[in-house]
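Quick notes on the structure that follows.
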Amino acid sequence: MSLHGDKNPDAVRFDATGTLKRDGAQFELLRNDSGSRVRLILPRTPIDLVEKTVRVTGWEVEPGLVDADGVAPA
């Protein structure tokens with residue numbers, strides 16, 4: 001089964017705002033409203049947005065893992 005969101009029939013559309021965090025080579029979105037963390041699969045490395053409030057859109061391919069279409073300043 002492919003994890004890529006738009007090709008995964010089990011994926012759920014994702015749109016959230018929070019603080020972009022970096023944990024080693026991985027990126028996470030710390031959701032301000034709930035305090036939960038979501039791991040991100042990103043098409044590019046948004047170094048300039050780390051530790052800033054961002055909006056992430058994409059597909060939640062499994063609980064806590066989002067295949068992000070994009071990351072933009074919020």
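Values reported hereafter were calculated over all heavy atoms of this structure, with side chains retained and with hydrogens, waters and symmetry mates removed.
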Once salt bridge (charged side-chain N to carboxylate O under 4.0 Å, His left out) is applied, what residue pairs with a partner in residues 16-25 remain, sequence neighbours excluded? K21-E51
For W59, which of D69, V66, L65 qualifies under side chain to side chain contact (heavy atoms under 4.5 Å, CB included)? D69
Membership question, hydrophobic clusters at under 4.5 Å side-chain separation (ILVMFWY): are L29 and I47 in the same one? yes
Measure the shortest side-chain to side-chain distance between F27 and V50 over non-hydrogen atoms and say whether it is less than 4.5 angstrom. yes
Below 4.5 Å, heavy atoms only, C-beta onward: do R55 and D15 meet side chain to side chain? yes
Can you name the closest pair of heavy atoms from L49 and R44 and give their distance? CD1-NH2, 4.4 Å
Which residues share a side chain to side chain contact (heavy atoms under 4.5 Å, CB included) with A74, sequence neighbours left out: T17, T53
How many angstroms lie between CD1 in I41 and CD in Q26, if you round to the nearest 0.5 Å? 9.5 Å
Could you walk me through whether V56 and V38 pass side-chain contact (heavy atoms from CB on, under 4.5 Å), step by step? CA-CA 10 Å; V56 174; V38 178; over 6 Å; no
What is the distance from atom CG of D10 to atom CD of E60, rounded to the nearest 0.5 Å? 12.0 Å
If you compare all heavy atoms of R13 against all heavy atoms of T57, which two are closest, and at what distance to 0.1 Å? NH2-CB, 4.5 Å
